[in-house]
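All values derive from a computational prediction rather than experimental measurement. Below, all heavy atoms of this structure are taken into account, side chains as well, without hydrogens, waters or symmetry copies.
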Amino acid sequence: MKPKILIIGAGGQIGTVLVESLVKRYGTGAVIASDLKELQTPCASIQLDVLDANKIAQTIEQHQITQIYHLAAILSAKGEQNPIRTWNINMEGLLNVLEAGRTFNLDKIFYPSSIAVFGKATPKVNTPQDAPLVPETVYGISKEAGENWCNYYYKRYGLDVRSLRYPGLIGYQSLAGGGTTDYAVDIFHYAVKNKDYTCFLNKDTRLPMMYMSDAVRATIELMETDKSNIKIRTSYNVSGMSFSPEEIYNEIKKHLPNFNIDYKADYREEIARSWVESINDSQARKDWNWKEQYDLEKMVADMIKHLS
Ligand code: NAD
Ligand code: SER
């Protein structure tokens with residue numbers, strides 16, 4: 001049966017691209033985009049606060065929704081400015097979505113987790129799927145708890161919730177929304193305008209990253225794979241590439257030789273230092289054949305081509 005999809009938090013960095021991809025794949029009538037703010041989308045869109053459980057229920061009934069992609073959240077850097085509000089939005093939002101999924105017996109739910117679930121107790125290189133998780137940001141704590149709630153709803157109620165631990169995401173279609181990895185998007189917008197860039201992380205701080213087209217493809221592949229293939233009901237490690245600010249700068253310089261960078265680390269450096277450098281995603285490769293298409297070189301060339 002053709003899905004009828006509600007995307008919550010569709011106006012952000014990922015939602016902007018995911019809406020387009022889902023509309024292309026399933027048709028305009030199959031997707032409803034929603035966000036706190038008004039949206040311009042190729043499909044129908046509504047204003048919806050994920051904290052409003054009644055409106056979620058009304059929307060599911062009115063549009064005969066069968067799947068939810070729940071993207072609304074406060075990200076790592078912005079989250080530290082108001083920890084309690086971040087916890088409330090991230091956790092109550094997810095619980096509203098899971099309860100709606102259970103009550104209306106929805107077919108599937110997608111929940112994005114993050115590399116922010118990792119902490120200093122986690123092995124930093126080639127981080128395994130079942131690594132210890134002791135996150136240090138409120139955002140990471142909410143994502144780690146969220147993963148366990150997803151697992152709980154699957155085990156207790158049979159709700160088909162699927163999840164990925166996205167690395168930092170980079171795309172030309174949208175700006176990043178308050179995370180620690182935002183520098184890897186911002187840097188391109190400065191470079192193509194011939195402006196110098198001041199990076200808020202140190203030059204050697206390596207983080208796992210992924211190109212947006214890989215992230216969106218991973219999301220849709222995970223959601224479309226047969227239920228029997230899904231062995232992880234918390235959240236899958238997925239990997240694209242890893243680099244430091246200096247390494248992405250050097251790659252951009254190959255295209256734009258006059259581009260300059262300097263470094264002025266702020267509180268986001270501390271957050272980044274608590275995360276890991278590279279991800280082992282062998283479980284995702286084995287279970288549903290995940291494979292990235294973009295490495296640093298290919299991603300930088302594509303970003304500059306589109307933004308120039
Ligand atoms: P974003 O901040 O760009 O977008 C989030 C959207 O949610 C915004 O449009 C915002 O208006 C909306 N929103 C906020 N509060 C809301 C509410 N109460 N009700 C409805 N909508 C609300 O975030 P993003 O980068 O697109 O991330 C989407 C999801 O992916 C998040 O859950 C995030 O934690 C996760 N994630 C993102 C990254 C990344 O690098 N972008 C990495 C790992 C995980
Ligand atoms: N890119 C996100 C952030 O930096 C990771 O979830 O918050």
Query raised in the report: Side-chain contact, heavy-atom cut-off 4.5 Å: Ser76 with Trp275?
Result: yes
Query raised in the report: Mind checking what makes side chain to side chain donor-acceptor pair (under 3.5 Å) contact with Thr225, not counting sequence neighbours?
Result: Asn229
Query raised in the report: How about Tyr26: does its OH atom have over 12 heavy atoms from other parts shown lying under 6.0 Å from it?
Result: yes
Query - Heavy-atom closest pair, residues Pro167 and Pro208 - result: CB-O, 3.4 Å
Query - Approximate separation, where rounding is to 0.5 Å, of Gln173 CD and Gln13 CD - result: 9.0 Å
Query raised in the report: Taking a hydrophobic cluster as the set of Ile, Leu, Val, Met, Phe, Trp and Tyr residues connected by side-chain heavy atoms closer than 4.5 Å, whether directly or through intermediates, do Ile46 and Ile7 fall within one such cluster?
Result: no
Query raised in the report: Just wondering, do Trp87 and Tyr139 contact through their side chains at under 4.5 Å, heavy atoms?
Result: no
Query raised in the report: Would you say the side-chain atoms of Asn237 pair up with the backbone N or O of Gln283, donor to acceptor, closer than 3.5 Å?
Result: no
Query raised in the report: Among all residues two or more places apart in sequence or in another chain, which pass the side-chain contact (heavy atoms from CB on, under 4.5 Å) test with Asn96?
Result: Ala53, Ile56
Requested in this report: Consider only side-chain heavy atoms of I, L, V, M, F, W and Y, link residues closer than 4.5 Å, and tell whether Met223 and Phe104 are in one cluster.
Outcome: no
Report task. Please assess Ser163 against Glu147 for the test side chain to side chain donor-acceptor pair (under 3.5 Å), listing each intermediate value before the final yes or no. Result -> CA-CA 8 Å; Ser163 175; Glu147 289 189 6; 5.5 Å; no
Query - Side-chain heavy atoms of Ile220 within contact of Leu22, under 4.5 Å - result: yes
Query raised in the report: Between the main-chain N or O of Ser228 and the side-chain N or O of Lys231, is there a donor-acceptor pair closer than 3.5 Å?
Result: yes
Report task. Step through the shown structure and confirm whether more than 12 heavy atoms of other residues, nucleotides or ligands are within 6.0 Å of NZ on Lys4. Result -> yes
**Report entry** Verdict with reasoning, Glu20 to Leu18, per side chain to side chain contact (heavy atoms under 4.5 Å, CB included)
**Finding:** CA-CA 5 Å; Glu20 299 261 352; Leu18 189 63; over 6 Å; no
Query - Min side-chain heavy-atom separation Phe110-Leu164 under 4.5 Å - result: yes
Report summary line: Interatomic distance, OG@Ser244 vs CZ@Arg206, rounded to 0.5 Å, equals 6.0 Å
Query raised in the report: Under 4.0 Å between a Lys/Arg side-chain N and an Asp/Glu carboxylate O for Lys120 and Glu270?
Result: yes
Requested in this report: Answer yes if the side chains of Thr16 and Ser174 hold a donor-acceptor pair under 3.5 Å, and no otherwise.
Outcome: no
Report task. Carefully, step by step, assess Arg85 and Glu80 under the rule salt bridge (charged side-chain N to carboxylate O under 4.0 Å, His left out). Result -> CA-CA 10 Å; Arg85 181 168 164 270; Glu80 290 307 292; over 6 Å; no
Requested in this report: May I ask you to test the Ile232-Gln129 pair for a side-chain heavy-atom distance under 4.5 Å?
Outcome: yes
Report task. Output yes when a side-chain donor or acceptor of His306 lies under 3.5 Å from a complementary backbone atom of Asp302, and no otherwise. Result -> yes
Query raised in the report: How far apart are the C-alpha atoms of Tyr152 and Tyr157, what are their side-chain angles, what is the distance that settles it, and do they pass the side chain to side chain contact (heavy atoms under 4.5 Å, CB included) test?
Result: CA-CA 8 Å; Tyr152 179 86; Tyr157 305 115; 4.2 Å; yes
Report task. Kindly determine whether Asp204 and Arg273 satisfy salt bridge (charged side-chain N to carboxylate O under 4.0 Å, His left out), including the steps that lead there. Result -> CA-CA 10 Å; Asp204 57 352; Arg273 286 274 171 201; 3.1 Å; yes
Requested in this report: Apply the ring pair (Phe, Tyr, Trp, His ring centres under 6.0 Å) test between Tyr197 and each candidate in Tyr190, Tyr249, Tyr183, Phe188; give the one that qualifies.
Outcome: Tyr190
Query raised in the report: Quick one: does Lys155's side chain have a donor or acceptor within less than 3.5 Å of a partner on Arg233's backbone?
Result: no
Report task. Consider only side-chain heavy atoms of I, L, V, M, F, W and Y, link residues closer than 4.5 Å, and tell whether Leu296 and Leu169 are in one cluster. Result -> no
Requested in this report: Assess whether salt bridge (charged side-chain N to carboxylate O under 4.0 Å, His left out) is satisfied between Asp266 and Arg268, documenting all intermediate values.
Outcome: CA-CA 5 Å; Asp266 64 19; Arg268 289 169 282 192; 2.6 Å; yes
**Report entry** In one Ile/Leu/Val/Met/Phe/Trp/Tyr side-chain cluster, 4.5 Å: Tyr267, Phe118
**Finding:** yes
Query raised in the report: Just by distance, with hydrogens left out, do Tyr236 and Asp287 show a side-chain donor and acceptor under 3.5 Å apart?
Result: yes
Query raised in the report: What about Ile65 and Ile8, same hydrophobic cluster or not, with Ile/Leu/Val/Met/Phe/Trp/Tyr joined at side-chain heavy-atom distances under 4.5 Å?
Result: yes
Query raised in the report: Do Cys199 and Ile187 touch side chain to side chain, with heavy atoms closer than 4.5 Å?
Result: no
Query raised in the report: Do Asp214 side-chain atoms and Met210 backbone N/O form a donor-acceptor pair below 3.5 Å?
Result: no
Query raised in the report: Any donor-acceptor pair under 3.5 Å linking the side chain of Lys298 with the backbone of Gln293?
Result: yes
Query raised in the report: Between Lys143 (side chain) and Arg165 (backbone), is there a donor-acceptor pair under 3.5 Å?
Result: no
**Report entry** side chain to side chain donor-acceptor pair (under 3.5 Å) assessment of Asp262 paired with Thr198
**Finding:** CA-CA 5 Å; Asp262 65 355; Thr198 301; 2.8 Å; yes
Report task. Begin from the C-alpha positions of Thr219 and Tyr166 and carry the test side chain to side chain donor-acceptor pair (under 3.5 Å) through to its verdict. Result -> CA-CA 10 Å; Thr219 307; Tyr166 288 135; 2.7 Å; yes
Query raised in the report: Got a donor-acceptor contact below 3.5 angstrom from the Ser142 side chain to the Met91 backbone?
Result: no
Report summary line: So CZ of Arg102 and CG of Leu159: to nearest 0.5 Å the spacing works out to 9.5 Å
Requested in this report: List for me each residue that meets side chain to side chain donor-acceptor pair (under 3.5 Å) alongside Glu292, sequence neighbours excluded, and say none if there are none.
Outcome: Arg285
Query raised in the report: Would you call Leu207 and Glu277 a side-chain contact if the rule is heavy atoms closer than 4.5 Å?
Result: no
Report summary line: Here the gap from Lys264 atom NZ to Leu201 atom CG, rounded to the nearest 0.5 Å, amounts to 14.5 Å
**Report entry** Polar side-chain atom of Asp281 near backbone of Ser239 as donor-acceptor pair, under 3.5 Å
**Finding:** yes
Report task. Could you grab the distance from atom CG of Asn151 to atom OG1 of Thr234, nearest 0.5 Å is fine? Result -> 6.0 Å
Report summary line: When every non-hydrogen atom of Cys150 is compared with those of Leu98, the smallest separation belongs to N-CD1, 4.3 Å
**Report entry** Derivation of the side chain to side chain contact (heavy atoms under 4.5 Å, CB included) call for Ile304 and Leu256
**Finding:** CA-CA 9 Å; Ile304 290 175; Leu256 301 164; 4.1 Å; yes
Query raised in the report: Can any side-chain N or O of Thr127 pair as donor or acceptor with the backbone N or O of Ile279 at less than 3.5 Å?
Result: no
Query raised in the report: Hey, is NZ on Lys124 packed in by over 12 heavy atoms from elsewhere, all under 6.0 Å?
Result: yes
Query raised in the report: With a 4.5 Å limit on heavy-atom distance, are the side chains of Glu99 and Leu95 in contact?
Result: no
**Report entry** Met299 and Phe243: CA distance, side-chain angles, deciding distance, side chain to side chain contact (heavy atoms under 4.5 Å, CB included) verdict
**Finding:** CA-CA 12 Å; Met299 178 273 286; Phe243 56 78; 3.9 Å; yes
Query raised in the report: CZ/Arg162 to OH/Tyr69 distance, rounded to the nearest 0.5 angstrom?
Result: 9.0 Å
